Enquirer: 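My questions will all concern the structure given below.
Note that ligands are numbered from 1 as they come in the structure, with each ligand's atoms numbered from 1 the same way. Hydrogens, waters and symmetry mates play no part in the numbers below; they use all other heavy atoms, side chains included. Being a predicted model, the structure only gives us computed values, none of them experimental.
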Amino acid sequence: MDHFLYRDGHLHAENVPVAEIAAAVGTPFYVYSTATLLRHFTLFDEALTDVDHLVCYAMKAASNQAILRTLAQAGAGMDVVSQGEYLRAKAAGVPGERIVFSGVGKTEEEIRTALSGGIRQFNVESEPEMEVINRVALELGKVAPITVRVNPDVDAKTHAKIATGKSENKFGIPIARASAVYAHAASLPGLDVIGIDVHIGSQLTELEPFRLAYEKVAELTEQLRGEGHDIRRLDLGGGLGIPYTRSNEAPPLPVEYGQLIKDTLGHLGCEIEIEPGRLIAGNAGLMVSKVIYVKSGEGRNFLILDGAMNDLIRPAMYEAHHDIVPIVEPAPALEARPYDIVGPVCETGDTFAQQRDMPPVASGDLIAFRSAGAYGAVMASEYNTRPLIPEVLVHGDQFAVIRARPSFDEIINRDTIPEWL
Ligand code: LLP
């Protein structure tokens with residue numbers, strides 16, 4: 001469910017007409033709904049009400065500080081994967097005790113920053129990393145709380161580029177080696193080994209892979225406890241998928257996911273952490289773009305937009321589908337026709353959709369990409385010297401620009417010309 005609905009024939013973000021935002025900030029832009037963000041966070045939070053838990057929003061999905069603060073004020077923790085994300089979460093007002101540090105290759109500098117500023121735990125991905133965390137902690141006179149990310153060798157049944165839980169993936173330590181790795185961790189005085197971490201992939205549309213992974217985590221918890229480790233926290237990662245179309249797609253609901261967690265792990269009495277990103281932010285955001293030209297090709301019509309692959313890379317990178325809808329609600333009698341919907345960047349990969357049925361569209365019309373809140377703005381680049389597009393947050397009948405469009409001068413003046421030129 002989201003809060004982007006047609007009212008009186010015009011697409012609204014909560015109570016604000018999207019066209020009004022377009023008139024104020026220009027196109028293209030991202031717009032997020034506070035109500036949708038909070039609703040999705042609350043669904044997870046309520047799904048785990050009867051267990052000790054913390055929902056740590058995977059901020060890589062959409063990391064604007066206004067989004068972080070919205071969620072943090074509702075009680076969310078954050079899952080960060082870089083020093084930049086850690087500092088951004090802190091700047092948004094998230095206390096260190098609610099920040100979890102994930103990621104395959106944390107550098108010494110990143111570890112030092114997080115340990116100095118306060119951290120809930122590091123999710124450790126390898127033994128060499130474990131040793132660096134231990135060393136830095138000892139240097140700082142601290143003890144670093146850690147979990148070890150285990151790779152359960154489970155097929156997440158999602159796009160290959162976002163599956164992480166198979167043994168051939170670069171993530172975590174093989175579950176079969178857990179015993180040895182935990183013994184190693186326990187021998188390091190700068191570490192406090194508090195739990196187990198697992199994350200098997202993103203955009204999972206079935207619960208079964210989670211079940212397989214969590215059953216393995218349950219078994220491992222008992223085994224490690226038997227070996228003398230005080231396993232008291234389980235970080236179960238993110239990954240629950242969202243519907244990207246309005247048709248019959250129905251991925252499992254957070255409440256069903258929460259029930260699965262309780263069924264597989266509830267008996268262990270551990271504190272549960274989850275790290276959802278996409279389900280919180282994905283359907284809480286639109287990318288709004290303008291049709292520059294409608295071009296008739298050989299047997300095809302192209303809609304050429306002012307938004308491009310640098311603004312929303314998911315279709316080019318993962319063959320991802322985003323519903324694309326006009327801002328003005330089409331009259332029911334209007335017959336849809338197929339368009340190739342493309343951006344102006346000079347490569348064929350800059351295609352959002354091929355032969356997509358759309359109501360008749362004219363140059364100057366505004367259209368919206370749905371489900372663009374997660375992995376949209378954060379994956380944008382300035383390819384073709386196109387400025388990063390603004391982000392807007394709506395709250396009821398108010399809206400605010402939460403990241404402004406940079407000027408061309410700001411972009412161009414970041415370059416420096418060496419003396420010899
Ligand atoms: N925790 C860890 C350790 C992760 O690596 C990820 C996502 C998450 C949590 C959040 O997963 P989510 O709940 O959002 O599925 N750019 C891709 C998605 C990459 C996901 C990377 N890791 C896309 O646009 O589909």
Enquirer: Could you note down all residue pairs passing ring-ring contact (aromatic ring centres under 6.0 Å, His included) where residues 88-123 supplies at least one of them, sequence neighbours left out?
Expert: Phe101-Phe122

Enquirer: Donor-acceptor check, side chain of Gln203 to backbone of His159, threshold 3.5 angstrom: yes or no?
Expert: no

Enquirer: Please tabulate, line by line, the atom pairs linking an N/O of ligand 1 to a protein N/O at a distance below 3.5 Å, with the distance in Å to 0.1, or answer 'none'.
Expert:
unit_1	atom_1	unit_2	atom_2	d
ligand 1	1 (N)	Glu275	OE1	2.6
ligand 1	5 (O)	Lys60	NZ	3.2
ligand 1	13 (O)	Gly239	N	2.8
ligand 1	13 (O)	Gly277	N	2.9
ligand 1	14 (O)	Arg278	N	2.7
ligand 1	14 (O)	Tyr375	OH	2.6
ligand 1	15 (O)	Ser202	OG	2.4
ligand 1	15 (O)	Gly239	N	3.4
ligand 1	16 (N)	Tyr318	OH	2.8
ligand 1	24 (O)	Arg314	NE	2.6
ligand 1	25 (O)	Arg278	NH1	3.1
ligand 1	25 (O)	Arg278	NH2	2.9
ligand 1	25 (O)	Arg314	NE	3.4
ligand 1	25 (O)	Arg314	NH2	2.9

Enquirer: Nearest 0.5 Å, please: how far is CD in Glu273 from CG in Leu236?
Expert: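 Going from CG on Leu236 over to CD on Glu273, the span is 8.5 Å.
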
Enquirer: Could you give all pairs that pass the ring-ring contact (aromatic ring centres under 6.0 Å, His included) test and reach residues 215-244, with sequence neighbours left out?
Expert: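 Pairs touching residues 215-244 that pass the test: Tyr182-His229, Tyr244-His322.
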
Enquirer: Considering only residues two or more places apart or on different chains, which pairs with a residue in residues 376-398 satisfy ring-ring contact (aromatic ring centres under 6.0 Å, His included)?
Expert: none

Enquirer: Count the heavy atoms belonging to other residues, nucleotides or ligands that lie under 6.0 Å from NZ of Lys161, then report whether that count exceeds 12.
Expert: yes

